[in-house]
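Below is one structure, written out as structure tokens; the observations come after it.
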Amino acid sequence: MNKTRITYFLVFLSIIFLGILSRKISFIPLWIGDFLYAVMIYFLVRIFLPFKNAFAIACLSLLICYGIEFLQLYQADWIVALRKTLFGRYVLGQGFLWEDILAYTFGILVVFVFEKITLNYFSQKSV
């Protein structure tokens with residue numbers, strides 16, 4: 001693995017930790033967890049596609065987040081049983097909410113802008 005992927009992987013793990021922590025602290029609004037979930041998906045995609053442009057990563061990440069959210073409308077017995085597990089609850093979620101779509105969009109937008117600013121700063125600094 002190259003240095004870029006390792007960096008993205010460490011950020012990915014940190015976001016998972018923060019997301020789980022956000023669900024355990026009662027005064028943190030629930031949408032923060034969804035926001036962090038979208039950021040986590042962004043970095044997960046980044047691990048596999050480290051040299052794609054940020055806009056493509058943002059679009060793919062949004063499609064994944066939206067897909068998982070809309071999948072919550074599917075209520076077959078097998079997927080309902082899977083959602084009752086810890087893994088299923090964290091990865092697949094419990095029920096469809098439009099607020100989650102907004103949180104995902106906001107999360108991807110924030111991480112996209114942050115990455116563009118950061119990359120711009122470091123590219124100017126290295127010249």
Give every donor-acceptor pair under 3.5 Å between a side-chain atom in residues 49-57 and any protein atom, sequence neighbours left out.
| residue | atom | partner | partner atom | Å |
| --- | --- | --- | --- | --- |
| Asn53 | OD1 | Phe55 | N | 3.2 |
| Asn53 | OD1 | Ala56 | N | 2.7 |

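- Every pair tested for side chain to side chain donor-acceptor pair (under 3.5 Å) that includes a residue from residues 74-88 fails, sequence neighbours excluded, so the list is empty.
- The two residues Ile108 and Ala38 come nearest to each other via the heavy atoms CD1-O, 3.3 Å.
- Contacts of Val111 classified as side-chain contact (heavy atoms from CB on, under 4.5 Å), with partners at least two apart in sequence or in another chain: Val39, Tyr42, Phe43.
- Within the structure, the salt bridge (charged side-chain N to carboxylate O under 4.0 Å, His left out) test picks out no pair touching residues 57-66 (sequence neighbours left out).
- Sorted pairs that involve residues 57-67 and meet salt bridge (charged side-chain N to carboxylate O under 4.0 Å, His left out), not counting sequence neighbours, are lacking altogether.
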Which pairs of donor and acceptor atoms, one on a side chain in residues 86-106, lie under 3.5 Å apart (sequence neighbours left out)?
| residue | atom | partner | partner atom | Å |
| --- | --- | --- | --- | --- |
| Tyr104 | OH | Glu69 | OE1 | 3.0 |
| Thr105 | OG1 | Tyr66 | OH | 2.5 |
| Thr105 | OG1 | Ile101 | O | 2.8 |

Counting only pairs under 3.5 Å, give me each side-chain donor-acceptor contact of residues 9-23, with atom names and distances, residues two or more places apart or in other chains.
| residue | atom | partner | partner atom | Å |
| --- | --- | --- | --- | --- |
| Ser14 | OG | Leu10 | O | 2.9 |
| Ser22 | OG | Gly19 | O | 2.7 |
| Arg23 | NH1 | Leu30 | O | 3.2 |
| Arg23 | NH2 | Asp34 | OD1 | 3.2 |

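- No side-chain heavy atom of Arg46 sits under 4.5 Å from any side-chain heavy atom of Arg5.
- Summarising the geometry, atom CG belonging to Leu36 is positioned 8.5 Å from atom CD1 belonging to Ile28; distances are rounded to the nearest 0.5 Å.
- Put simply, Phe114 and Ile47 are part of two different groups of oily side chains (I, L, V, M, F, W, Y) that touch within less than 4.5 Å, one to the next.
- Val45 and Leu71 fall within the same hydrophobic cluster, defined by Ile, Leu, Val, Met, Phe, Trp and Tyr side-chain heavy atoms under 4.5 Å apart, directly or through other members.
- Note that CG of Leu60 and CG of Leu44 are 9.5 Å apart. Values are rounded to the nearest 0.5 Å.
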